[in-house]
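Excluded from the calculations below are hydrogen atoms, water molecules and symmetry mates; all remaining heavy atoms, backbone and side chain alike, are included.
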Amino acid sequence: EAERLAPDWPLVVEELAWAAIESGDPLAANEAIERTVFLHPFRERAQDPLDGTSVLAPKRRRIGRPMLKAMGDDVRYETVRVATAAILAWQRGVPGHYAQLLDAVERDPDHLALNGAVAFAAFEAGDWERAAQHSLTVVMRRPSLSVMQSVRGMALAKLGNMDDARDPLSRSTKTDVGRAVMLRQAASAHAGHGAVDVAIDLLEEAASIAPEDARIRAALFALQVKNK
């Protein structure tokens, strides 16, 4: 029920992973963990600072160690354990997680969630070429995956290739899940290349979807002042 109400909240899917581990179903737990990779941009929830009734989200479950132990006890998961360990290390910000991801994806280059994690981690590390490469690997198989279209578009924009970035950026905003976040990220890429009017239009649309998101309001205000 929580997932239906908040389909873009990774914390809910992590709870499903924890429940699956507790009930002795490592396969379902691993599937849930892989799903959380593509919810990465929505980890920080929008919160209105003027709303004094907001409640903090519960703390995240510690699922890494029990998950890997459950997989280690079952030979069926031996081949995917390396990929899962790398994904969990990245999600927890473990030192050296980027190198661990790169090593894992070299062993298993067709792993969809692993390629997604590498794309996100590469973008966070400023490795734009690798971010564009691995996000392309994902969207070639899942073209409707807006978060990966977003990473690819933003990475190409960072590489100065705005001509090729426009299409994935546009595709990234054609989604029902987390659309306000995708619009805000697309606006940032366009603004970085001087298309302020386009960025303002995208942010205004994002603000109409998520009026409580102070990040959108701040970005919109900054661009409107700059435009004037």
Side-chain angles (χ1 to χ4, degrees), residues 7-10 34-44 46 87 90 98 101-102 105-106 108-211 213 215-224 226-227:
D8 61 344
W9 199 1
E34 290 182 0
R35 284 170 55 203
T36 64
V37 169
F38 302 112
L39 296 176
H40 181 65
F42 317 121
R43 191 162 295 281
E44 292 183 18
I87 289 170
W90 160 65
Y98 189 32
L101 280 171
L102 294 180
V105 82
E106 188 174 342
D108 193 356
D110 295 326
H111 194 297
L112 196 72
L114 185 56
N115 273 281
V118 172
F120 282 124
F123 191 85
E124 291 161 359
D127 191 349
W128 319 126
E129 290 187 5
R130 201 181 297 271
Q133 171 194 341
H134 286 276
S135 57
L136 177 61
T137 298
V138 176
V139 298
M140 285 177 67
R141 290 163 58 185
R142 294 271 304 276
S144 62
L145 204 50
S146 61
V147 289
M148 283 290 104
Q149 294 283 8
S150 177
V151 172
R152 177 162 170 75
M154 291 191 299
L156 290 170
K158 290 286 188 181
L159 289 167
N161 188 358
M162 200 60 197
D163 288 341
D164 288 340
R166 288 190 184 92
D167 180 61
L169 287 173
S170 176
R171 290 172 182 266
S172 73
T173 62
K174 306 297 190 292
T175 178
D176 294 327
V177 178
R179 188 157 181 252
V181 174
M182 298 293 95
L183 287 163
R184 177 168 57 84
Q185 293 188 164
S188 174
H190 282 286
H193 283 264
V196 177
D197 290 338
V198 174
I200 288 175
D201 288 344
L202 291 169
L203 287 171
E204 286 178 342
E205 186 177 354
S208 69
I209 298 169
D213 195 333
R215 299 166 299 179
I216 295 171
R217 295 201 302 269
L220 183 56
F221 177 75
L223 283 182
Q224 287 170 337
K226 181 178 179 180
N227 214 25

I'd like to know if the side chain of S150 reaches the main chain of S146, judged simply by a donor and an acceptor atom lying under 3.5 Å from each other, with no hydrogens or angles considered.
no
Compute whether any side-chain donor of one residue and acceptor of the other, for E124 and H40, lie under 3.5 angstrom apart.
yes
Rounding to 0.5 Å, atoms CG (N115) and CG (D110) come to a distance of 8.0 Å
The reported gap from CE in M182 to CZ in R179 (rounded to nearest 0.5 angstrom) is 11.5 Å
Kindly determine whether R166 and D163 satisfy salt bridge (charged side-chain N to carboxylate O under 4.0 Å, His left out), including the steps that lead there.
CA-CA 6 Å; R166 288 190 184 92; D163 288 341; 3.0 Å; yes
Is the closest side-chain heavy-atom distance between L220 and L223 below 4.5 Å?
no
Starting at CG of L145, measure out to OG1 of T175 and round the result to the nearest 0.5 Å.
8.5 Å
Residue pair V139 / L136, side-chain heavy-atom distance below 4.5 Å
yes
Interatomic distance, CZ@F123 vs CZ@R152, rounded to 0.5 Å, equals 13.0 Å
CD1-CZ distance between I209 and R184, expressed to the nearest 0.5 angstrom:
12.5 Å
Which pair of heavy atoms, one from A155 and one from W128, lies closest together, and at what distance?
CB-O, 3.6 Å
Got a salt bridge between D167 and R171, using NZ or NE/NH1/NH2 to carboxylate O under 4.0 Å?
yes
